[in-house]
K.L.:
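Have a look at this one before I ask anything.
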Protein chains: 2
Amino acid sequence: MAITIYDIAREAKVGIGTVSRVFNSHPNVTKETREKVLAVAKRLNYQPHVYAQGLARQRTNTFAAIIPFFTNYFFIEILQGVQEKISSIGFDLILHGVNHPDEIDESLRRSSRRGRVDGIIFFSMRLPDTFAKKWKDLEIPIVLVDTFHEEFDSITVENFQGAQTATEHLISLGHTNIGMITANVKSDPARIRLEGFRAALKKHTIEVNERNIIVSDVTKLDGFSRDAGYLAMKEMLKLGTSLPTAIFISSDVQAIGAISALREKGLRVPDDVAIVSFDDIELAQHFGLTTMRQPMHRMGELAVDQIVKRKQNPSALPIQMRFMPELVVRQSCGAKKISPNIEDYVHHKDINEVAAPHD
Amino acid sequence: MAITIYDIAREAKVGIGTVSRVFNSHPNVTKETREKVLAVAKRLNYQPHVYAQGLARQRTNTFAAIIPFFTNYFFIEILQGVQEKISSIGFDLILHGVNHPDEIDESLRRSSRRGRVDGIIFFSMRLPDTFAKKWKDLEIPIVLVDTFHEEFDSITVENFQGAQTATEHLISLGHTNIGMITANVKSDPARIRLEGFRAALKKHTIEVNERNIIVSDVTKLDGFSRDAGYLAMKEMLKLGTSLPTAIFISSDVQAIGAISALREKGLRVPDDVAIVSFDDIELAQHFGLTTMRQPMHRMGELAVDQIVKRKQNPSALPIQMRFMPELVVRQSCGAKKISPNIEDYVHHKDINEVAAPHD
DNA sequence: ATTTTTATTGGAAGGGCTTCCAAGAAGTTA
DNA sequence: TAACTTCTTGGAAGCCCTTCCAATAAAAAT
């Protein structure tokens, strides 16, 4: 049924080796032979069999991405970078969404099956120790994004510095009663951002009021979710009149949830409470969030680059790439805009009114 | 290096056929042999080679999803359903993000390479005619989601009815000066929703004022984007005092953009302009959008089911599944809330309020 | 005890490609 | 012209499985 190189070889009156060489751009094929073969291949509508190639070549031209399932826009934006880069080098992407921590092992196992993929990009979750131990036996490169393990290549963001910058921005706006809402500190980024927050206050000799720090104990997505943000803010609102005038929130999605909670109480952002968050997902713009931008798209691209490099040089020492997040000033922090450009203005209103049109 | 069934056969002192049978749960293997083989396999940490299996079995246990690249949350929510279902049946998912219409052909070609995938799920875009013609030569099942072609299985939503329901909801609230913002009518859903809108007005003998209809000519994502919605509303605002008091917008993302434009002019939703949109992406909740819900997650799952069925019965007539979208009443339409409890609104209400999509 | 049936097993063939080796053709050099 | 290189080519072997067939062993029936 399907056309194979044998069919082509027969029709073109050449050997299968020659046909193969033509398709692999091997230099030692005369122009005439090449053209003859290509003509026949085209006529028969030949398509190489990817699995047969994979088996013979001992590689798959496929990478796997293991991602905590995309309820979270942060991952999607990274994934975009991954996808674009991957298809630009002619590879395929196998996607593993992990809905529950238990599935991590299963995903890793499936992906690390011999000959399944040529590399794994592992996102945000803590790499299980069991895997780290076994890994040396496999020959598959793996790169971590938004998570860290000293034995592997990783691409992360300077969470500490970023948190510090965010907090200092609030300080620079004159706030002294500053709080923080953090995701579950079982997650490294959450924990480190909290440390950065503390450090910033300390640096400016502002006393840390522990009651101003709400640590989420939500486990789903490690608390990097709107719900978690909403709940945390509800909790913080119990502070009543001593509510902080400014809050650093460990992610944009949480900030969005937190804003909902504030709105419920009739509090306005930034007038009553100034907010700075982290990530700069696309939505941050809608909500006018001042936030620490992570170059997510770029991180995705780099992950692919790095895995390719790692394949070429498996024994090099693990590389750690860290990005410095960038402060993006919008409206939620209440900073004066130097240039009131329209786009930002648009979203300013959303924060206060549109999302809850009526109550 | 890598362990093969030959290694296991040797160690376990059995034949390779027996080893294979053990792993394929073939019934005719004695318990002792099976256990012996499994023990050795475990000891050697055997992993079957997926490509070799694929080659021998003539199938891949992999599906491809071809998706307009996910700037649009609508797709992501469908993709979640797809992913969950796919991994629940032990298959893998190859993801093709299409950033530009030109890439559609390339993606289809790659996916339809012999032996690459066992099925294709194709989203939202118009299937190229060239492919439709060639398709019969391939033996790969394909199912369309959110797009239609009479020769293929498809899963869509009743856009006409949905648009009509949405519009009638506005009519039922007493509006008579009703407008519509639609995405690019090159997209079928956009066009059909417009037709439904017209039909609803006609049915209630409200004259259609063409100036109240803004058709986006944005090509990116066929105008199903925030920017497109923003621009369209800017356009509509030129109507000045004769601005419609209610607007049906062909998607949630556009509605979000449109609301921004309204806010800019100091207009409030729903007080000044009532809005109903379409999709019910997760964000709709946040913006309090009254919208027509599409069961996206479910559509994703069904797509997988259907492709499995189609594999079993390739010659059956194409099946067309259509969901009736459901009106979800929130705030943007100005309808009275039954329970003004804002907490419910933020988190739980929508979930309980809306029945599961019917089959 | 003998024949028939059924359960288990080994391993060749085959799936479609790449790659290596050997051989023949063509081109160089002296 | 002879001896040596360099190109080009065909096809066997190998990648790792599944599956089928034939063979053997065990169980059942006579």
Side-chain angles (χ1 to χ4, degrees), chain A residues 1-38 40-41 44-62 90 110 112-118 138-140, chain B residues 1-38 40-41 44-62 112-118 138-140:
Chain A
M1 181 87 280
I3 307 297
T4 71
I5 53 169
Y6 289 90
D7 300 313
I8 296 184
R10 194 181 345 99
E11 289 282 315
K13 302 192 201 314
V14 297
I16 54 160
T18 302
V19 176
S20 177
R21 264 169 241 127
V22 167
F23 285 106
N24 290 287
S25 315
H26 191 96
N28 291 350
V29 184
T30 55
K31 206 177 165 197
E32 298 86 64
T33 330
R34 153 168 283 110
E35 280 164 3
K36 191 166 57 176
V37 168
L38 288 176
V40 173
L44 301 184
N45 191 26
Y46 169 73
Q47 299 273 35
H49 191 295
V50 186
Y51 275 33
Q53 287 180 317
L55 188 57
R57 287 181 181 152
Q58 300 284 66
R59 62 193 156 79
T60 64
N61 281 23
T62 302
R110 286 174 65 97
S112 53
R113 295 254 273 292
R114 240 174 346 131
R116 184 69 190 107
V117 299
D118 293 343
L138 306 118
E139 68 289 19
I140 306 173
Chain B
M1 180 89 281
I3 307 298
T4 71
I5 52 171
Y6 291 88
D7 300 314
I8 297 184
R10 194 180 344 100
E11 288 283 315
K13 300 192 204 317
V14 296
I16 54 160
T18 303
V19 176
S20 177
R21 263 169 242 126
V22 167
F23 285 107
N24 291 285
S25 315
H26 191 95
N28 292 350
V29 184
T30 55
K31 204 176 166 196
E32 298 86 64
T33 328
R34 152 167 286 109
E35 280 165 3
K36 191 166 57 177
V37 168
L38 288 176
V40 173
L44 300 185
N45 192 26
Y46 169 73
Q47 299 272 34
H49 191 293
V50 186
Y51 275 34
Q53 287 180 316
L55 186 59
R57 288 180 180 151
Q58 300 285 68
R59 62 193 156 78
T60 64
N61 280 23
T62 302
S112 53
R113 295 253 275 290
R114 241 171 348 131
R116 183 68 189 111
V117 299
D118 293 344
L138 305 121
E139 68 290 19
I140 307 173

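Every value quoted in this text rests on a predicted model; they were computed, and no experiment measured them. Every heavy atom of this structure was used, including side-chain atoms; hydrogens, water molecules and symmetry mates were not. The chains referred to below are lettered A, B, ... by the order of the sequence lines, with proteins before strands, and numbering in each begins at 1.
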K.L.:
Which residues satisfy the side-chain hydrogen bond (donor to acceptor under 3.5 Å, both in side chains) test with A:S112, sequence neighbours excluded?
P.N.:
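In terms of side-chain hydrogen bond (donor to acceptor under 3.5 Å, both in side chains), with neighbours along the sequence ignored, A:S112 is linked to no residue.
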
K.L.:
Give every residue pair that meets the salt bridge (Lys or Arg N to Asp or Glu O under 4.0 Å) criterion with at least one member in residues 9-19 of chain B, sequence neighbours excluded.
P.N.:
B:D7-B:R10, B:E11-B:R43

K.L.:
Please figure out whether B:R114 or B:V29 has its closest DNA chain C nucleotide nearer the 5' end.
P.N.:
B:V29

K.L.:
Any chance you could lay out the side chain to side chain contact (heavy atoms under 4.5 Å, CB included) test for A:K36 and A:E32, step after step, and finish with the verdict?
P.N.:
CA-CA 6 Å; A:K36 191 166 57 176; A:E32 298 86 64; over 6 Å; no

K.L.:
With DNA chain C as reference, determine whether B:G15 or B:L55 sits nearer its 5' end, using the nearest nucleotide of each.
P.N.:
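Its nearest nucleotide lies further toward 5', so the answer is B:G15.
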
K.L.:
Quick one: which of B:T4, B:I8, B:I5 gives a side-chain contact (heavy atoms from CB on, under 4.5 Å) with B:I16?
P.N.:
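Per the side-chain contact (heavy atoms from CB on, under 4.5 Å) rule, the option paired with B:I16 is B:I5, out of B:T4, B:I8, B:I5.
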
K.L.:
Using 30° and 60° as the class boundaries, would you call the ring planes of A:F23 and A:Y46 parallel, tilted or perpendicular?
P.N.:
tilted

K.L.:
With B:N28, which residues qualify under side chain to side chain contact (heavy atoms under 4.5 Å, CB included), at least two apart?
P.N.:
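B:N28: side chain to side chain contact (heavy atoms under 4.5 Å, CB included) contacts with B:H26.
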
K.L.:
Take the protein atom CD1 of B:I8 and the nucleotide atom C1' of D:dT18, then report the distance between them rounded to whole Å.
P.N.:
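Computing the B:I8:CD1 to D:dT18:C1' distance gives 15 Å.
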
K.L.:
Between C1' on D:dC17 and CZ on A:R116, what's the gap in Å once rounded to a whole number?
P.N.:
15 Å

K.L.:
For residues 2-21 of chain B, which residue pairs pass the ring pair (Phe, Tyr, Trp, His ring centres under 6.0 Å) check, not counting sequence neighbours?
P.N.:
none

K.L.:
Of all residues at least two apart in sequence or in a different chain, which pass the side-chain hydrogen bond (donor to acceptor under 3.5 Å, both in side chains) check with B:R116?
P.N.:
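By the side-chain hydrogen bond (donor to acceptor under 3.5 Å, both in side chains) rule, B:R116 matches A:T62, A:D92.
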
K.L.:
Treating primed atoms plus P, OP1 and OP2 as sugar-phosphate and everything else as base, which nucleotides of nucleotides 22-28 of chain D get B, S or - for protein heavy atoms under 4.0 Å?
P.N.:
-------

K.L.:
Can you pull out how bent the helix from C:dA1-D:dT30 to C:dA30-D:dT1 is, comparing the axes over its first five and last five pairs, to 10°?
P.N.:
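It works out to 40° between the end axes.
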
K.L.:
With a non-hydrogen cut-off below 4.0 angstrom, is B:Q47 in contact with a base, only sugar-phosphate, or nothing?
P.N.:
sugar-phosphate

K.L.:
Has A:R114 got a side-chain atom pairing as donor or acceptor with B:I3's backbone, closer than 3.5 angstrom?
P.N.:
yes

K.L.:
Would you give a per-nucleotide map of nucleotides 18-26 of chain C, 5' to 3', where B means the base has a protein non-hydrogen atom under 4.0 Å away, S means only the sugar-phosphate does, and - means neither?
P.N.:
BBB------

K.L.:
Between A:Y51 (OH) and C:dG14 (C1'), how many Å, whole number?
P.N.:
19 Å

K.L.:
For the pair made of CD in B:E32 and P in C:dA7, what is the distance, rounded to whole Å?
P.N.:
16 Å

K.L.:
Could you tell me whether a side-chain N or O of B:T60 sits under 3.5 Å from a main-chain N or O of B:G54, the two making a donor and an acceptor?
P.N.:
no

K.L.:
Between D:dC15 atom C1' and B:D7 atom CG, what is the distance in whole Å?
P.N.:
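Checked: the CG to C1' distance equals 13 Å.
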
K.L.:
Between atom CZ in A:R113 and atom C1' in D:dC16, what is the gap in whole Å?
P.N.:
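Those two atoms, CZ and C1', are 13 Å apart.
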
K.L.:
Going by the rule side chain to side chain contact (heavy atoms under 4.5 Å, CB included), which residues pair with A:S20 if we only count those two or more places apart in sequence or in a different chain?
P.N.:
A:N24

K.L.:
Check whether any side-chain N or O of A:T4 sits under 4.0 Å from OP1 or OP2 of C:dG15, and answer yes or no.
P.N.:
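Answer is no, no contact under 4.0 Å.
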
K.L.:
Distance check needed: D:dT5 P versus A:N28 CG, whole Å only.
P.N.:
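In whole Å, D:dT5 P lies 18 Å from A:N28 CG.
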
K.L.:
Answer with base, sugar-phosphate or nothing: what part of the nucleic acid does B:K13 contact at a heavy-atom distance below 4.0 Å?
P.N.:
sugar-phosphate

K.L.:
Within this structure, what is the NE2-to-C1' distance between A:H26 and D:dC7, rounded to whole angstrom?
P.N.:
10 Å

K.L.:
Under the side chain to side chain contact (heavy atoms under 4.5 Å, CB included) test, which residues partner A:A56, sequence neighbours left out?
P.N.:
none

K.L.:
Looking at C:dT8, I'd like to know if its phosphate oxygens (OP1 or OP2) sit under 4.0 Å from a side-chain N or O belonging to B:T30.
P.N.:
no

